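The structure under discussion appears below in the form of structure tokens.
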Amino acid sequence: MPEGHTVHRLARTLTELFSGERVRVSSPQGRFAAGAAVLDGAMLVTAEAWGKQLFVGFTAGDPLGSESRWLRVHLGLYGAWTFAGDGSADVVHAIGAPRRRIGERDSSPPASDGPSSGPWVPAAPRGAVRLRLLAAHAVADLTGPTACEVLTPQEKAAVEARLGPDPIRPDGGRRSQDAARDAFVSRVRRSRVTVGQQLMDQAVIAGVGNIYRAEALFRARVDPLRPGREVPADALAGTWDDLVVLMRDGATTGRIVTTRPEHRGGGAPTHGEGRRRTRQNTDGDPAAVPADEAFYVYHRDGSPCRVCGAPVLLEGLAGRNLFWCGTCQV
DNA sequence: GCTGCATGATGAG
DNA sequence: TCATCCTGCAGCA
């Protein structure tokens, strides 16, 4: 599922592909027909993310009236975007749940025969496409979103007002990085709701999902079942700072990798150049870290903790699976 | 072919 | 706390 890093990545991709373009907006599946009709033919200005919320801005004028509009998309558990293009833009991939299909070049005919092969024709939408954005050189299809609606700027502001700070946004979306961190720390400590639950609350911190929750609390050695007000402020501040690094890395690479090099490589001991790496996510090559070594606890229930060897625990918490190490996290 | 799950959020009870 | 919505895919038969 798309956690915040994926949504930020999507915003960048949409901006790259469509900003400054007039786009045809349609709803092949039909469920967004009315909204699509409002936006069809408008100029797309930019796309941005706040936590898991994606906002795509369209300029006032022409088909729209005197007011600009924002398309708000939330992918939920299953939503996904699929991109294709004529190859003039370097971005042809899909991002989203349940599986990334990065690198899939479904529609684009090989650009091998050059510009003489005539105008690019996008492939027919595949599956239940709620929304299609089409410009001269690229197409984006959206399937399975939890939310897809057209908002006024005021309505967009109202949505944002309900969201907590977002570690990926500059300054966390607050006045400063310190203000964002403080807001997060004090909010968590104001409540006796477990810190594990609060990390999934988008009003507390925006963009964190089940993976980042599990991994960040493990790295901070904090027991997810601890009431928020009992977690030391400096542990929470450290968690925020850690998430800033982890999630920005995720947004850059498209992959979540939280393990430190010294905790990977179950078999072969790392040596040589691999040893001194301190970054988590890739060092430029996401494939460098095998998928089964990317996490400390997420989806590793029953397997030995990478640090202490105790079996990773799994429990249902507020309807979601919670993974943690009962020995390392206290 | 069918079933159950998934990195979410919401609304009713 | 539960049911519900959105969709695709892995894992079965």
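This is a predicted model, so every value here is computed, not measured. Protein chains get the first letters and strands the later ones, always in sequence-line order, with residue 1 at the start of each.
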Find out if a path of hydrophobic residues (ILVMFWY) with successive side-chain heavy-atom gaps under 4.5 Å connects A:Val312 to A:Tyr296. yes

Rounding to a whole Å, what distance do you find between A:Gln53:CD and B:dA9:P? 8 Å

What is the separation between atom CD on A:Glu3 and atom P on B:dA6, rounded to the nearest whole Å? 14 Å

When the P atoms of B:dG4 and C:dA3 are considered, how many whole Å apart are they? 15 Å

Whole-Å distance, A:Arg126 CZ to C:dC9 C1', equals 13 Å

Take the protein atom CD of A:Glu149 and the nucleotide atom P of B:dA9, then report the distance between them rounded to whole Å. 15 Å

Contacts of type side-chain contact (heavy atoms from CB on, under 4.5 Å), residue A:Ser191, not counting sequence neighbours: A:Val193, A:Gln198

Could you tell me how far apart A:Met200 (CE) and B:dA9 (C1') are, to the nearest whole angstrom? 10 Å

side-chain hydrogen bond (donor to acceptor under 3.5 Å, both in side chains) partner of A:Thr259, the single match among A:Arg219, A:Glu215, A:Arg264, A:Glu293: A:Arg264

Taking atom P of B:dA6 as reference, at what distance in whole Å does atom NE2 of A:His74 sit? 18 Å

For the P atoms, the ones on C:dA13 and on B:dC5, what distance do you get once it is rounded to whole angstrom? 15 Å

Length of the NZ-C1' vector between A:Lys52 and B:dT10, whole Å: 14 Å

CZ of A:Arg22: more than 12 outside heavy atoms within 6.0 angstrom? yes

With A:Trp81, the side-chain contact (heavy atoms from CB on, under 4.5 Å) member among A:Thr6, A:Thr143, A:Val73, A:Asp141: A:Val73

Residue pair A:Trp324, A:Glu315: steps toward the side-chain hydrogen bond (donor to acceptor under 3.5 Å, both in side chains) verdict: CA-CA 9 Å; A:Trp324 83 107; A:Glu315 186 174 305; over 6 Å; no

What nitrogen or oxygen pairs link the protein and nucleotides 3-6 of chain C at under 3.5 Å?
from	atom 1	to	atom 2	distance (Å)
C:dC6	OP1	A:Arg31	NH1	2.8
C:dC6	OP1	A:Arg31	NH2	2.9
C:dC6	O5'	A:Arg31	NH1	3.3
C:dC6	O3'	A:Arg130	NH2	3.3
C:dC6	O2	A:Thr146	OG1	3.4
C:dC6	N3	A:Tyr78	OH	3.4
C:dC6	N4	A:Tyr78	OH	2.0

Take atom P in B:dG13 and the same atom in C:dC5, then report the distance between them in whole Å. 14 Å

May I ask you to decide whether A:Asp241 forms a salt bridge with A:Arg181, counting only side-chain N to carboxylate O separations under 4.0 Å? yes

Side chain A:Arg69, main chain A:Gly57, donor-acceptor under 3.5 Å: no

Sidechain N-carboxylate O distance under 4.0 Å for A:Lys156, A:Glu160: yes

Treat a base pair as Watson-Crick or G-U wobble with both distances under 3.5 Å, then lay out DNA chain B in dot-bracket form, 5' to 3', with | for cross-strand pairs. ||||||.|||||.

Interatomic distance, A:Asp301 CG vs B:dC5 C1' [rounded to whole Å]: 14 Å

